[in-house]
Asker: 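I have a structure here, written as structure tokens, and I will follow up with some questions on it.
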Amino acid sequence: MNTKCKNHGAQPPAWRRERLDAFTRVDDLLAFLDLDRTRIPDLDDEPESFGLRVPRTFAERMRPGDPEDPLLRQVLPLIAERQPVAGYVADPVGDAAAERAPGLLVKYAGRALLMVTGACAVHCRYCFRRHFPYQDLGPSQSRLERALDEIARDPSLTEVVLSGGDPLMLGDDRLDALIQGLEHIGHLVRLRLHSRLAVVSPARLTTRLATRLTSGRLTSLLVIHANHPHELDDSVRSALLDWRTTGVTLLNQSVLLRGVNDRVEILAELSERLFACGVLPYYLHGLDPVAGSAHFQVGDAEAKRLLDGMRARLPGYLVPRLVREIPGAPAKQPFE
Ligand SMILES: *Cc1c(COP(=O)(O)O)cnc(C)c1O
Ligand code: SF4
């Protein structure tokens with residue numbers, strides 16, 4: 001069903017309704033998937049913070065009755081998350097040290113990353129910002145103004161990455177106002193959006209927003225976040241292909257996750273599927289050692305073996321860059 005044009009009536013847009021329709025209780029999700037909880041002995045019903053959040057649109061792409069489903073694995077809280085593991089910390093990538101203004105990170109030459117909101121459509125258990133103190137960021141409007149002032153003061157910046165949380169959680173009007181603010185900063189040339197919502201709720205990829213992006217002064221890129229080919233169903237594909245025809249450059253970043261996508265066949269299929277959606281693979285991130293995520297870690301030797309396997313099967317442009325973030329490094333680092 002094409003829901004993209006329902007954005008102008010009195011109803012909230014489809015993607016907002018989908019957000020309200022998310023599963024937030026483990027039991028509801030399991031019932032929807034026809035899964036008996038005894039089949040998931042290590043389930044954590046009530047994670048202390050960072051609760052379950054799974055939009056129905058995402059749950060519909062899971063295989064009913066399969067406790068090992070790779071999409072379910074990404075969102076299901078497990079007891080293992082509570083287990084402290086040496087080296088797994090709250091801020092594994094040195095975000096705090098790179099903060100120039102609340103929610104504005106500058107780590108790499110020419111690029112500033114702006115956390116537009118702390119909200120996400122889905123809660124990914126491996127998220128490296130799962131412990132980020134978003135609540136300390138302060139009221140959003142004055143904070144964003146301050147971030148824009150900081151960006152304006154630094155002529156070396158040419159690109160702004162809107163991130164979060166998920167920047168597409170903002171409505172079109174607020175995004176439009178923010179983009180206008182960025183367009184006024186003469187030294188900026190590119191605007192990048194990092195969004196998982198694009199995959200989880202493709203209704204968010206409205207034609208109106210794509211047109212806004214491509215008619216603006218800055219060249220726009222959308223970097224989506226999909227980890228497994230099953231995430232890219234036909235609703236996602238048609239929304240992405242529409243965006244591509246408007247001229248937004250589309251890239252994908254994935255995280256390498258044990259039990260989700262740590263097989264060559266799956267990673268190769270993901271690349272093929274991305275291409276069919278008009279998207280090129282960009283990064284395959286090694287898992288950042290964030291507290292609560294150790295059970296997703298894939299060893300370095302295994303990660304390199306997987307990448308070699310992809311190289312042996314795929315054209316070069318379908319092989320993502322396998323990288324990790326080292327606090328203080330001038331770029332994301334390839335695996336040695
Ligand atoms: C990942 C990241 C970027 C973007 O890096 P690219 O290599 O250009 O994709 C920019 N700023 C911060 C703080 C980042 O973490
Ligand atoms: S959508 Fe992105 S920021 Fe939000 S929980 Fe998932 S990985 Fe983290």
Side-chain angles (χ1 to χ4, degrees), residues 61 70-71 73-74 92-93 107-108 110-111 113 122 124-129 159 161-163 166 190 192-200 202 205 220-233 236-237 239-241 243-244 248-290 293 296-326 329-336:
R61 300 171 213 165
L71 277 56
R73 284 279 140 191
Q74 295 179 50
V93 296
K107 286 187 185 170
Y108 305 138
R111 287 148 290 170
L113 182 144
V122 60
C124 313
R125 306 319 302 177
Y126 54 84
C127 179
F128 73 101
R129 289 207 184 109
E159 175 169 353
V161 180
L162 301 185
S163 177
D166 199 310
R190 281 187 305 280
R192 193 190 325 175
L193 285 88
H194 279 184
S195 174
R196 183 136 170 79
L197 189 61
V199 170
V200 171
L205 296 182
S220 298
L221 299 87
L222 172 68
V223 183
I224 65 166
H225 169 181
N227 300 313
H228 191 283
H230 291 176
E231 292 172 44
L232 303 169
D233 70 2
V236 180
R237 181 168 157 270
L240 288 168
L241 287 175
W243 265 47
R244 211 179 83 124
V248 180
T249 296
L250 301 177
L251 302 170
N252 179 63
Q253 50 184 344
S254 308
V255 182
L256 183 56
L257 299 166
R258 180 141 65 93
V260 173
N261 58 9
D262 56 340
R263 282 177 30 214
V264 176
E265 310 81 76
I266 291 172
L267 291 169
E269 194 188 326
L270 173 61
S271 280
E272 295 279 4
R273 183 66 185 162
L274 285 166
F275 191 75
C277 296
V279 181
L280 287 175
Y282 178 36
Y283 281 140
L284 176 60
H285 294 274
L287 184 78
D288 297 310
V290 66
S293 73
F296 283 115
Q297 191 64 264
V298 175
D300 281 14
E302 179 64 6
K304 282 187 272 185
R305 193 190 66 76
L306 292 167
L307 198 77
D308 286 344
M310 291 181 85
R311 281 206 194 95
R313 280 175 192 233
L314 294 168
Y317 57 86
L318 291 187
V319 180
R321 299 158 182 82
L322 175 64
V323 295
R324 73 173 113 225
E325 202 154 324
I326 310 278
K332 299 193 201 294
Q333 299 295 298
F335 277 49
E336 296 305 331

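On a predicted model such as this, the values are computed, not experimentally measured, just so you know. Just so you know, residue 1 is the first one in the sequence shown, and it goes up from there.
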Asker: Where is the tightest heavy-atom contact between R196 and H225, given as atom of each residue plus distance?
Answerer: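 For R196 versus H225, the nearest heavy atoms are NH1-O, 2.6 Å.
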
Asker: With sequence neighbours left out, what residues match R258 under side-chain hydrogen bond (donor to acceptor under 3.5 Å, both in side chains)?
Answerer: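 Residues passing side-chain hydrogen bond (donor to acceptor under 3.5 Å, both in side chains) with R258: none at all.
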
Asker: Output yes when a side-chain donor or acceptor of W243 lies under 3.5 Å from a complementary backbone atom of L205, and no otherwise.
Answerer: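 Checking the backbone N and O of L205 against the side chain of W243, a donor-acceptor pair under 3.5 Å is found.
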
Asker: Which residue pairs satisfy the salt bridge (charged side-chain N to carboxylate O under 4.0 Å, His left out) criterion with at least one member in residues 267-279, sequence neighbours excluded?
Answerer: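 Residue pairs with at least one partner in residues 267-279: D234-R273.
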
Asker: Can any side-chain N or O of D233 pair as donor or acceptor with the backbone N or O of V236 at less than 3.5 Å?
Answerer: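 Here the side-chain-to-backbone pair exists.
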
Asker: Apply side-chain contact (heavy atoms from CB on, under 4.5 Å) to L241 and list each qualifying residue two or more places apart in sequence or on a separate chain.
Answerer: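 L241 satisfies side-chain contact (heavy atoms from CB on, under 4.5 Å) with R237 once adjacent residues are dropped.
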
Asker: Can you name the nearest heavy-atom pair linking F335 to G286, along with the distance?
Answerer: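 That would be CZ-CA, 3.9 Å.
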
Asker: Who passes salt bridge (Lys or Arg N to Asp or Glu O under 4.0 Å) against R263, sequence neighbours left out?
Answerer: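 If we apply the salt bridge (Lys or Arg N to Asp or Glu O under 4.0 Å) test to R263, skipping adjacent residues, the hits are E265.
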
Asker: Counting only N and O atoms by type, is there a donor-acceptor contact under 3.5 Å from the side chain of D288 to the main-chain atoms of V93?
Answerer: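 Not at all, since once roles are kept as given, no pair shorter than 3.5 Å links the two residues.
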
Asker: Return the minimal non-hydrogen interatomic distance between L222 and S195, and the atom names on each side.
Answerer: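 Answer, listing the atom of L222 first, then S195: CD1-CB, 4.2 Å.
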
Asker: Find the distance between CG (L257) and CD1 (I266) and round it off to the nearest 0.5 Å.
Answerer: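 Going from CG on L257 over to CD1 on I266, the span is 11.0 Å.
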
Asker: Near R111 CZ, under 6.0 Å, is it more than 12 heavy atoms from other residues, nucleotides or ligands?
Answerer: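 Enclosed: over 12 neighbouring heavy atoms sit under 6.0 Å from CZ of R111.
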
Asker: Under 3.5 Å, side chain of N261 to main-chain N/O of V255, donor-acceptor pair present?
Answerer: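 Checked: pair present.
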
Asker: E302: what forms a salt bridge (Lys or Arg N to Asp or Glu O under 4.0 Å) with it, not counting sequence neighbours?
Answerer: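 Partners of E302 by the salt bridge (Lys or Arg N to Asp or Glu O under 4.0 Å) criterion, ordered by chain and then number, come out as R305.
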
Asker: How many angstroms lie between atom CD of E336 and atom CG of L322, to the nearest 0.5 angstrom?
Answerer: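 Here the interatomic distance stands at 10.5 Å.
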
Asker: Would you say R129 and S163 are linked by a side-chain donor-acceptor pair, where the criterion is simply a distance under 3.5 Å?
Answerer: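 Indeed, the side chains of S163 and R129 share at least one donor-acceptor pair under 3.5 Å.
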
Asker: Residues in side-chain hydrogen bond (donor to acceptor under 3.5 Å, both in side chains) with R125, at least two apart?
Answerer: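 R125 satisfies side-chain hydrogen bond (donor to acceptor under 3.5 Å, both in side chains) with E81 once adjacent residues are dropped.
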
Asker: Can you find a heavy atom in the side chain of V319 that is under 4.5 Å from one in the side chain of L307?
Answerer: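 Side-chain contact under 4.5 Å: yes.
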
Asker: Which pair of non-hydrogen atoms, one from S271 and one from L318, has the smallest distance, and what is that distance?
Answerer: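 Nearest heavy atoms, S271 then L318: OG-O, 2.6 Å.
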
Asker: Residues two or more places apart in sequence or in another chain: which of them pass ring pair (Phe, Tyr, Trp, His ring centres under 6.0 Å) with Y283?
Answerer: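 Here the qualifying residues are H285.
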
Asker: Could you check whether any side-chain heavy atom of L256 comes within less than 4.5 Å of a side-chain heavy atom of L267, counting everything from C-beta outward?
Answerer: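 Yes, their side chains come closer than 4.5 Å.
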
Asker: Could you grab the distance from atom NE2 of H228 to atom CD of Q74, nearest 0.5 Å is fine?
Answerer: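 Answer rounded to 0.5 Å: 8.5 Å.
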
Asker: Which of these, V248, V161, T249, sits in a side chain to side chain contact (heavy atoms under 4.5 Å, CB included) with L221?
Answerer: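 By the side chain to side chain contact (heavy atoms under 4.5 Å, CB included) criterion, L221 pairs with just one of V248, V161, T249: T249.
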
Asker: Under the rule for ring pair (Phe, Tyr, Trp, His ring centres under 6.0 Å), what residues qualify as partners of H194, not counting sequence neighbours?
Answerer: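 By the ring pair (Phe, Tyr, Trp, His ring centres under 6.0 Å) rule, H194 matches no residue at all.
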
Asker: Please identify each residue that fulfils salt bridge (Lys or Arg N to Asp or Glu O under 4.0 Å) with R192, with sequence neighbours left out.
Answerer: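 Listed in chain order: E159.
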
Asker: Who passes salt bridge (Lys or Arg N to Asp or Glu O under 4.0 Å) against K332, sequence neighbours left out?
Answerer: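 K332 satisfies salt bridge (Lys or Arg N to Asp or Glu O under 4.0 Å) with E325 once adjacent residues are dropped.
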
Asker: I'd like to check the ring pair (Phe, Tyr, Trp, His ring centres under 6.0 Å) partners of Y108; sequence neighbours left out, ordered by chain and number.
Answerer: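 For Y108, no residue satisfies ring pair (Phe, Tyr, Trp, His ring centres under 6.0 Å) once neighbours in sequence are set aside.
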
Asker: Which heavy atom of C277 sits nearest to which heavy atom of L250, and what is that distance?
Answerer: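 Nearest heavy atoms, C277 then L250: O-CD1, 4.4 Å.
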
Asker: Enter the distance from S254:OG to I224:CD1 here, rounded to the nearest 0.5 Å.
Answerer: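 Rounded to the nearest 0.5 Å, the OG-CD1 separation comes out at 8.5 Å.
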
Asker: Could you label the plane-to-plane angle of the F296 and Y126 rings as parallel, tilted or perpendicular, counting under 30° as parallel and over 60° as perpendicular?
Answerer: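 The arrangement is perpendicular - the two ring planes meet at more than 60°.
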
Asker: Do L270 and N227 pass the side-chain contact (heavy atoms from CB on, under 4.5 Å) test, and can you show the C-alpha distance, the side-chain angles, and the key distance before you say yes or no?
Answerer: CA-CA 7 Å; L270 173 61; N227 300 313; 5.5 Å; no

Asker: If I compare all heavy atoms of H230 with all of L71, which pair ends up nearest, and what's the gap?
Answerer: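 Closest approach of H230 to L71, heavy atoms only: CB-CD1, 3.8 Å.
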
Asker: Using the test side-chain hydrogen bond (donor to acceptor under 3.5 Å, both in side chains), find all partners of S293 that sit at least two apart in sequence or belong to another chain.
Answerer: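 S293 satisfies side-chain hydrogen bond (donor to acceptor under 3.5 Å, both in side chains) with no other residue.
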
